[in-house]
Amino acid sequence: MKMIIAVVQDQDSNKLSSALVEHNFRATKLASTGGFLKSGNTTFMIGTEDARVEKALSVIRENCQSREQLVAPVSPMGGNADSYVPYPVEVEVGGATVFVLPIEQFHHF
Ligand code: 2BA
């Protein structure tokens with residue numbers, strides 16, 4: 001068994017939830033915050049059999065898209081003025097950041 005942890009953009013989370021249910025995957029959604037942008041994203045925990053990992057990855061791939069996001073400039077006060085960028089910078093936020101972990105035990109009481 002594996003645990004798939006997928007960090008996705010909030011805009012894709014409802015679509016992905018529905019697609020996972022449709023394909024008979026069980027998942028838990030957690031509200032999370034990206035460390036870099038400091039804005040909300042959604043983390044899915046999906047426990048599944050080894051044989052279904054590839055299918056879960058394809059469902060995630062099909063339902064999450066990457067987007068450009070503007071990062072507002074941060075005041076240099078208290079920080080290093082050398083690295084201060086006075087204008088918004090565009091970053092590409094991936095459709096999904098996915099980790100696949102082995103599960104030692106699974107219990108469902
Ligand atoms: P954030 O940390 O808010 O990052 C959003 C996007 O900002 C990233 O997209 C990347 O394009 C950019 N970025 C992140 N750190 C950067 C840095 N130090 N310098 C320049 N640009 C940077 P993604 O890579 O697609 O990541 C989307 C979200 O997935 C992240 O949101 C974070 O919540 C999660 N994530 C990504 N890599 C992770 C990792 N290794 N461990 C845990 N969570 C991760």
Side-chain angles (χ1 to χ4, degrees):
M1 183 164 199
K2 295 280 192 287
M3 172 61 69
I4 301 172
I5 298 180
V7 185
V8 310
Q9 296 179 49
D10 286 345
Q11 294 98 308
D12 295 322
S13 71
N14 283 341
K15 204 171 141 206
L16 178 58
S17 283
S18 307
L20 288 169
V21 170
E22 195 182 309
H23 289 90
N24 213 18
F25 286 104
R26 296 184 180 215
T28 297
K29 258 168 82 173
L30 306 170
S32 46
T33 304
F36 185 69
L37 295 179
K38 298 176 180 61
S39 60
N41 51 28
T42 304
T43 299
F44 283 81
M45 289 169 43
I46 308 160
T48 191
E49 301 84 46
D50 290 20
R52 299 199 71 215
V53 168
E54 284 307 318
K55 181 63 194 173
L57 294 177
S58 72
V59 171
I60 295 168
R61 207 177 291 119
E62 281 160 20
N63 288 279
C64 300
Q65 63 181 90
S66 61
R67 297 180 181 87
E68 300 289 332
Q69 196 159 320
L70 281 179
V71 183
V74 179
S75 160
M77 278 175 57
N80 182 357
D82 293 343
S83 59
Y84 176 59
V85 183
Y87 45 84
V89 178
E90 213 166 42
V91 292
E92 183 178 336
V93 185
T97 301
V98 183
F99 306 87
V100 181
L101 288 70
I103 297 301
E104 207 163 294
Q105 290 189 19
F106 169 71
H107 301 285
H108 186 223
F109 300 113

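We count ligands from 1, going down the list as the structure has it; atoms in each ligand are counted the same way.
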Can you figure out which of Val98, Val71, Asn41, Thr97 has its heavy atom closest to atom 36 (C) of ligand 1? Thr97

Considering all heavy atoms, the nearest Phe44-Ser13 contact: CZ-O, 3.5 Å

Please state which protein non-hydrogen atom is closest to atom 13 (N) of ligand 1 and give its distance, to 0.1 Å? Phe36 CD2, 3.3 Å

With side-chain contact (heavy atoms from CB on, under 4.5 Å) as the criterion, how do Ile60 and Ile46 come out once you've worked through the C-alpha distance, each side chain's angles and the decisive distance to 0.1 Å? CA-CA 11 Å; Ile60 295 168; Ile46 308 160; 4.0 Å; yes

Which protein non-hydrogen atom lies closest to atom 31 (O) of ligand 1, naming both residue and atom, and how far is it? Gly34 CA, 3.5 Å

What protein heavy atom is closest to atom 11 (O) of ligand 1, reported as residue, atom name and distance in Å? Glu92 O, 2.7 Å

Heavy-atom closest pair (Cys64 atom, Val8 atom, distance to 0.1 Å) is SG-CG1, 3.7 Å

Could you walk me through whether Leu16 and Gln9 satisfy the side-chain contact (heavy atoms from CB on, under 4.5 Å) test, starting with their C-alpha distance in whole Å, then the side-chain angles of each, then the deciding distance to 0.1 Å, before giving a yes or no? CA-CA 10 Å; Leu16 178 58; Gln9 296 179 49; over 6 Å; no

Do any nitrogen or oxygen atoms of Leu37 come within less than 3.5 Å of a nitrogen or oxygen of ligand 1? yes

Phe99 to ligand 1: N or O pair under 3.5 Å? no

Protein contact of atom 6 (C) of ligand 1 - nearest heavy atom, named by residue and atom, plus distance: Val93 CG2, 4.1 Å

If only atom types and distance count, is the side chain of Asp12 paired as donor or acceptor with the main-chain N or O of Gln65 below 3.5 Å? yes

Heavy atom of protein closer than 4.0 angstrom to atom 24 (O) of ligand 1: no

Enumerate the atoms of ligand 1 whose separation from the nearest heavy atom of Gly94 is less than 4.0 angstrom. 9 (O), 23 (P), 25 (O)

Give the minimum heavy-atom separation between Met1 and Asp50, together with the two atoms involved. N-OD1, 2.8 Å

Looking at side-chain heavy atoms only, is the closest gap between Asn14 and Lys29 below 4.5 Å? yes

Cluster link Leu57 to Val59, ILVMFWY, side chain under 4.5 Å: yes

Nitrogen or oxygen of Gly35 less than 3.5 angstrom from that of ligand 1: yes

Polar contacts were defined as any N/O atom of the residue lying under 3.5 Å from an N/O atom of the ligand; does this apply to Thr33 and ligand 1? no

Check: Val7 N/O within less than 3.5 Å of ligand 1 N/O: no

